[in-house]
Amino acid sequence: QVQLVESGGGLVQAGGSLSVSCAASGRTFSDYAMAWFRQAPGKEREFVAGISRFGRVTDYTDSVKGRFTISRDNAKNTVYLQMNSLKREDTALYYCAAKISRALRYAASTYDYWGQGTQVTVSS
């Protein structure tokens, strides 16, 4: 089992940057594929970015490609999401998620563990 705690959300102007982090505790962090999801009011939770156990493979939803970067530091049990060129439509509650898997997973239903979320608000 693993516990996940996100941090680093906040309010930023459109075009700005923000980094969010997710600290894990419990089982060996490198056992888990990690992902960031987000959920805006009235919308379903959507996959944003994912990273394999040792960081060799990453993937992103089309709307954030070229703007967001996911990374992880297994020595620090932490996964990061660097968000640049933020847009108003990036406003959402951002969650990190973990799954024991050798491959990336894209569906929220396949993830076993979730953080409590951190709010990212982009103003115009």
Side-chain angles (χ1 to χ4, degrees):
Q1 189 167 344
V2 65
Q3 293 77 44
L4 304 172
V5 179
E6 301 97 336
S7 61
L11 175 64
V12 63
Q13 286 191 330
S17 297
L18 200 63
S19 179
V20 291
S21 302
C22 174
S25 61
R27 186 170 169 160
T28 304
F29 186 59
S30 58
D31 285 345
Y32 295 88
M34 301 296 297
W36 286 95
F37 286 78
R38 65 186 180 187
Q39 188 166 19
K43 295 187 176 181
E44 293 188 355
R45 192 170 299 190
E46 66 167 344
F47 174 87
V48 177
I51 188 166
S52 60
R53 294 187 303 158
F54 296 98
R56 297 188 183 98
V57 179
T58 60
D59 203 2
Y60 302 86
T61 191
D62 285 346
S63 63
V64 308
K65 283 181 180 177
R67 301 188 298 121
F68 289 13
T69 302
I70 188 171
S71 61
R72 67 190 294 163
D73 185 337
N74 287 351
K76 295 182 178 180
N77 292 350
T78 303
V79 62
Y80 307 93
L81 185 67
Q82 175 66 41
M83 303 179 285
N84 299 328
S85 302
L86 282 160
K87 305 175 181 180
R88 287 190 64 185
E89 50 264 42
D90 295 319
T91 296
L93 190 59
Y94 282 70
Y95 298 90
C96 72
K99 177 177 177 58
I100 295 179
S101 175
R102 294 185 177 182
L104 291 182
R105 295 288 185 262
Y106 297 87
S109 60
T110 65
Y111 281 80
D112 302 310
Y113 303 102
W114 293 84
Q116 81 289 349
T118 185
Q119 180 67 39
V120 172
T121 303
V122 184
S123 64
S124 57

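Under the 3.5 Å distance criterion, the side-chain polar atoms of Thr91 are left unmatched by any main-chain donor or acceptor of Glu89. Checked by atom type and distance alone, the side chain of Thr28 never pairs as donor or acceptor with a backbone atom of Ser30 at under 3.5 Å. A distance-only check finds a donor-acceptor pair linking the side chain of Arg72 to the backbone of Phe29 [under 3.5 Å]. No donor-acceptor distance shorter than 3.5 angstrom exists from the side chain of Lys99 to the backbone of Arg105, with no hydrogens or angles considered. Without hydrogens or angle criteria, Gln82 side chain to Thr69 main chain gives no donor-acceptor distance under 3.5 Å. A donor-acceptor pair is defined here as one N or O able to donate and one able to accept, closer than 3.5 Å; no such pair exists between the side chain of Gln1 and the backbone of Gly26. Between the side chain of Gln119 and the backbone N or O of Gly10 there is no donor-acceptor pair closer than 3.5 Å.
Between Val12 and Thr121 the shortest side-chain heavy-atom distance does not fall below 4.5 Å. In this structure, Ile51 and Val79 have side chains that are in contact, with non-hydrogen atoms separated by less than 4.5 Å. For the pair Asp90 and Met83, the minimum side-chain heavy-atom distance is 4.5 Å or more.
Of all non-hydrogen atoms in Ala33 and Ala103, the two that sit nearest each other are CB-O, 3.7 Å. Of all the heavy atoms in Ser85 and Ser17, the pair that sits closest is N-OG, 4.3 Å. Taking both residues in full, the closest heavy atoms of Ala98 and Val2 are given as CB-CG1, 4.1 Å, listed atom of the first, atom of the second, then distance. For the residue pair Ala108 and Trp114, the shortest heavy atom distance occurs at O-CZ2, 3.3 Å. Taking each heavy atom of Met34 and Leu4 in turn, the nearest pair found is CE-CD2, 4.0 Å.
Atoms OG1 and CG, on Thr58 and Leu104 in that order, are 7.5 Å from each other to the nearest 0.5 Å. The CZ atom of Arg88 lies 4.5 Å from the OG atom of Ser124; values are rounded to the nearest 0.5 Å.
Residue pairs meeting the salt bridge (charged side-chain N to carboxylate O under 4.0 Å, His left out) criterion with at least one member in residues 40-51, sequence neighbours excluded, are Arg38-Glu46. Applying the ring pair (Phe, Tyr, Trp, His ring centres under 6.0 Å) definition to pairs two or more places apart or across chains, those involving residues 39-90 are Phe37-Phe47, Phe47-Tyr106.
Within 6.0 Å of the CD atom in Gln13, the count of heavy atoms belonging to other residues, nucleotides or ligands does not exceed 12.
For Asp73, there are no salt bridge (charged side-chain N to carboxylate O under 4.0 Å, His left out) partners two or more places apart in sequence or in a different chain.
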